[in-house]
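Notes follow once the structure below has been shown.
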Amino acid sequence: MHPAIQAVLTVGVAVIAAIAYFYLSNLLLDRVLFPARGKNAGRNINRANMIRPWLFLFPALFALCLYLAYPVVETIRLSFTDRVPGGYEWAGTSNYQQMLREPKFWEALRNNFFWLLVVPGLSTLFGLIIAQLTDRLSWGNIAKSIIFMPMAISFVGASVIFKLIYDYRPAGEEQIGILNAVYLALGGAEPQTWLTIPGLNNFLLMVVLIWIQTGFAMVILSAALRGIPEETIEAAIVDGANPFQIFFKIKVPQIMPTIMVVWTTITILVLKIFDIVFAMTNGQWGTQVLANYMYDKLFRANDWGVGSASAMVIMLLVLPILVWNVRQARKEMR
Amino acid sequence: MARAVTTQRKAINTLIAWIVGLLIFFPILWIFILSFHSEGDAIKSPLEVITSTWTFESYATVQERSNYFRHFWNSVVISVGSTVLGLIIAVPSAWAMAFVPGKRTKDVLMWMLSTKMLPPVGVLLPIYLICQNLGLLDTRIALVFILMMINLPIIIWMLYTYFREIPGEILEAARMDGASLREEVIYVLLPMAVPGIASTLLLNIILAWNEAFWTLTLTAAKAAPLTAFIASYSSPEGLFYAKLSAASIMAIAPILIMGWFSQKQLVRGLTFGAVK
């Protein structure tokens, strides 16, 4: 049997199994465990209704636990063990010590912070500026849709596109990489191998993500701008505020909660950054990030201990932002 | 109109917006143009590229050499399969939380939110090892289930926010008229929630289609969807610009078209309903 058909069949079986679970468990609850008849009918109905939500939540919760609980615990365990022939050996903190000794780890950590500092801020800022520019423009909507377009592209696809843009060909040949062509046209002496220039190359990788995320920020922020009550702006105009004051002192404070939503959403995305670095430089030339460092350790160096240790570092870094974000969401839910 | 935006100012803003739009769109456009030229023409200077003859040959070569359609169908099977399976599991959960909220409902929702924020690197190795032990490396089945699990929180959240907009009284009325739970869900709830379910479906297909972390780590040649295909294509064929462009366009085109029509859904899903 063709493997693709096998996959489709498996999905079909899983779908039927899920439906059967919901149907049968509900039937069991109503007919067998707590039937709505006899002398306890009222109490039984109440009980069944208390249990039913959990019955329906169970498969989802189970799937999420399966995906999370065991693997996270296992990763913690692996980070404290070494692989020896035939099994594992307790290694104490030696994996962490080895990781902390490696310059590549510190480079990755530094770059992650660099990404965190630059990408969410710039994406949100650009998004806000474009949202303000296109606010209430009759021809703005199509422009907005075009700006949003990169959002639908996968990070890998975007990376490949930008690799072509940053492409280098030896001096004297036609530069088909747009960046080099522009650079030469503007009076640059030599074509550059952009992705190997330390410091700058990090920024060029970030451009890819900013390119993707700006549209996302813009769509959200322009909806927020449209929601600002007209009166507040009119009042400011009557009081003689100039456009900049209106923007910074009237509009921005009113959409601050939305700006924070955008900023944190992108921040969480940036903390997981992997695909772009993987596809463009693979962490060479000083562009390593933690997730790719881990990938290197796991699948290239085959060092599961250090790989797991670096995974733990990423998780610990995400934790404060995660907690803050969940708190925020909880507050908003009343 | 008290808003002090003059016609002239509007025209300037429109112009700037369009320039920014074109600037942002330019990379895609450029790849698109390159992909329709022969390898020899693609390495000419930008102006010459546009004026040289347009051809489909790069597309044909990509299909011939790396079997584009196999990866395309992998993407379809994986993204649609994981989404459908996720929806079936998510609808009852979302129903339970939206219409029968209990003391713990909020906690469950928040927990789901946090699982989606947790970086997948933390669970990569154990899941990789499980797949290895079960002989599921480089299979579509493994990816369907894993992508279903990682996107489940978003599906449930999306459905939950859509279900919340449906007044519970309507469902109650159906119950009063003697509808069983099954009838209530199938004949009353689902028809009203169709727009919400469709948006969730669309959003999740896009997310699953673009997923690269798991597809890159868990697949090789056989089960690789388009994300993994384009990543592997970029290195060995990196010097063949026209073919690489054609491969990129073929990898992003299906999703670009879907994305154009689903801005709202993408935004709503990625912010967990915080922005509607």
Side-chain angles (χ1 to χ4, degrees), chain A residues 4 7-8 10-11 14-15 18 22 26 53 56-57 59-60 63-64 67-68 71-72 74-75 130 133-134 137 139-140 143 146-148 152-157 160-161 165 174 176 181 219-220 234 237 261 265 268 271-272 274-275 279 291 294 298 304 308 311 314-315 318 322 326 329-330, chain B residues 2 4 10 13-14 16-18 20-21 24-25 27 31 43-46 73 77 81 84-85 88-89 92-93 96 100 102 110 113-115 117 119 121-123 125-127 140-141 144 149 152 156 181 206 210 212-213 227 230-231 234 241 248 251-252 255-256 259 263 267 270-271 274-275:
Chain A
V8 172
T10 314
V11 173
V15 166
F22 290 122
N26 190 47
F56 285 0
L57 272 169
L64 283 175
Y67 168 70
L68 276 178
V72 169
E74 181 71 359
T75 302
I130 300 172
L133 275 177
T134 53
L137 286 184
W139 277 97
I146 290 173
I147 296 171
F148 186 80
I153 299 179
S154 65
F155 291 178
V156 179
V160 173
I161 292 176
I165 305 251
E174 271 313 332
I176 75 132
V219 168
I220 297 176
E234 274 166 30
I237 294 171
V261 169
T265 309
I268 286 175
L271 278 166
K272 302 182 198 168
F274 165 74
D275 333 21
M294 190 200 86
L298 288 187
W304 293 358
S308 301
I314 303 175
M315 301 241 274
V318 174
L322 190 152
V326 169
R330 189 178 265 276
Chain B
K10 262 192 174 169
N13 279 357
T14 312
I16 297 175
W18 274 95
V20 173
I24 285 182
F25 183 60
I31 300 296
I43 52 169
K44 288 180 183 162
S45 76
W73 286 117
V77 168
V84 169
L85 193 57
I88 300 286
I89 293 179
S93 308
V100 202
M110 290 306 144
L113 181 68
S114 63
T115 61
M117 292 177 190
V121 290
V123 294
L125 183 57
I127 288 184
R140 298 161 196 84
I141 297 169
V144 165
M149 287 190 263
L152 199 56
I156 294 178
L181 181 63
I206 294 179
N210 283 344
F213 183 76
T227 40
I230 188 70
S234 78
Y241 298 100
S248 316
I252 65 176
I255 217 62
L256 218 49
Q263 283 184 31
V267 164
L270 294 175
T271 56
V275 178

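All of these numbers come straight from a predicted model, not from anything done at the bench. Each chain gets a letter, A, B and so on, in the order its sequence line appears, and its residues count up from 1. Worth knowing before you read on, the calculation uses all heavy atoms, side chains too, and leaves out hydrogens, waters and symmetry mates.
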Per-residue tally against chain B (heavy atom, under 4.5 Å) across A:Leu271, A:Thr265, A:Val219, A:Leu133 peaks at A:Leu133

Working for side chain to side chain contact (heavy atoms under 4.5 Å, CB included), residues A:Val15 and B:Val84:
CA-CA 8 Å; A:Val15 166; B:Val84 169; 4.1 Å; yes

As an exercise: rank B:Leu113, B:Leu85, B:Val144, B:Ile127 by heavy-atom pairs under 4.5 Å with chain A and give me the winner.
B:Leu85

Is B:Ile89 close to chain A through its backbone or its side chain, or both, or neither, when contacts mean heavy atoms under 4.5 Å?
both

Please report the shortest heavy-atom distance between A:Ala152 and B:Ile255, naming the atom on each side.
O-CG2, 3.0 Å

For A:Met294, is it the side chain, the backbone, both or neither that has a heavy atom under 4.5 Å from a heavy atom of chain B?
side chain

With heavy-atom distances below 4.5 Å as the criterion, would you say the side chains of B:Val123 and A:Leu68 are in contact?
yes

Which heavy atom of A:Pro71 sits nearest to which heavy atom of B:Pro126, and what is that distance?
O-CG, 3.2 Å

Interface residue of largest heavy-atom contact number with chain B, from A:Asp275, A:Thr10, A:Ile153, under 4.5 Å:
A:Ile153

Honestly, the part of B:Leu152 sitting under 4.5 Å from a heavy atom of chain A is side chain

Greatest number of non-hydrogen atom pairs under 4.5 angstrom with chain B, of A:Ile268, A:Leu322, A:Val156, falls to A:Leu322

With a 4.5 Å cut-off on heavy-atom pairs, point out which of A:Ile165, A:Val72, A:Ile146 contacts chain B the most.
A:Ile146

Hey, what do you get for CG (B:Leu125) to OG1 (A:Thr75), rounding to the nearest 0.5 Å?
6.5 Å

Side chain / backbone / both / neither for A:Tyr67 at chain B, heavy atoms under 4.5 Å
both

Portion of B:Ile31 that has a non-hydrogen atom of chain A nearer than 4.5 angstrom
side chain

Looking at CZ of A:Phe155 and OG1 of B:Thr227, how far apart are the two atoms once the value is rounded to the nearest 0.5 Å?
12.0 Å

When the 4.5 angstrom heavy-atom criterion is applied to B:Val100 and chain A, the contacting part is both

If you count heavy-atom pairs within less than 4.5 Å of chain A, which of B:Val20, B:Ile16, B:Leu256 leads?
B:Leu256

Only pairs of heavy atoms separated by less than 4.5 Å count here; which of A:Val11, A:Asn26, A:Ile161 has the most with chain B?
A:Ile161

Contacting region of B:Ser114 [heavy-atom separation from chain A under 4.5 Å]
both

Which bit of A:Val326 comes within less than 4.5 Å of chain B, counting heavy atoms only: side chain, backbone, both or neither?
both

Mind listing the closest non-hydrogen atom pair of A:Phe56 and B:Ser93 along with its distance?
O-OG, 3.2 Å

Rounded to the nearest 0.5 Å, what separates atom CD1 in B:Ile156 from atom CG in A:Leu64?
6.5 Å

Proximity breakdown for B:Ile252 and chain A, heavy-atom pairs closer than 4.5 Å
side chain

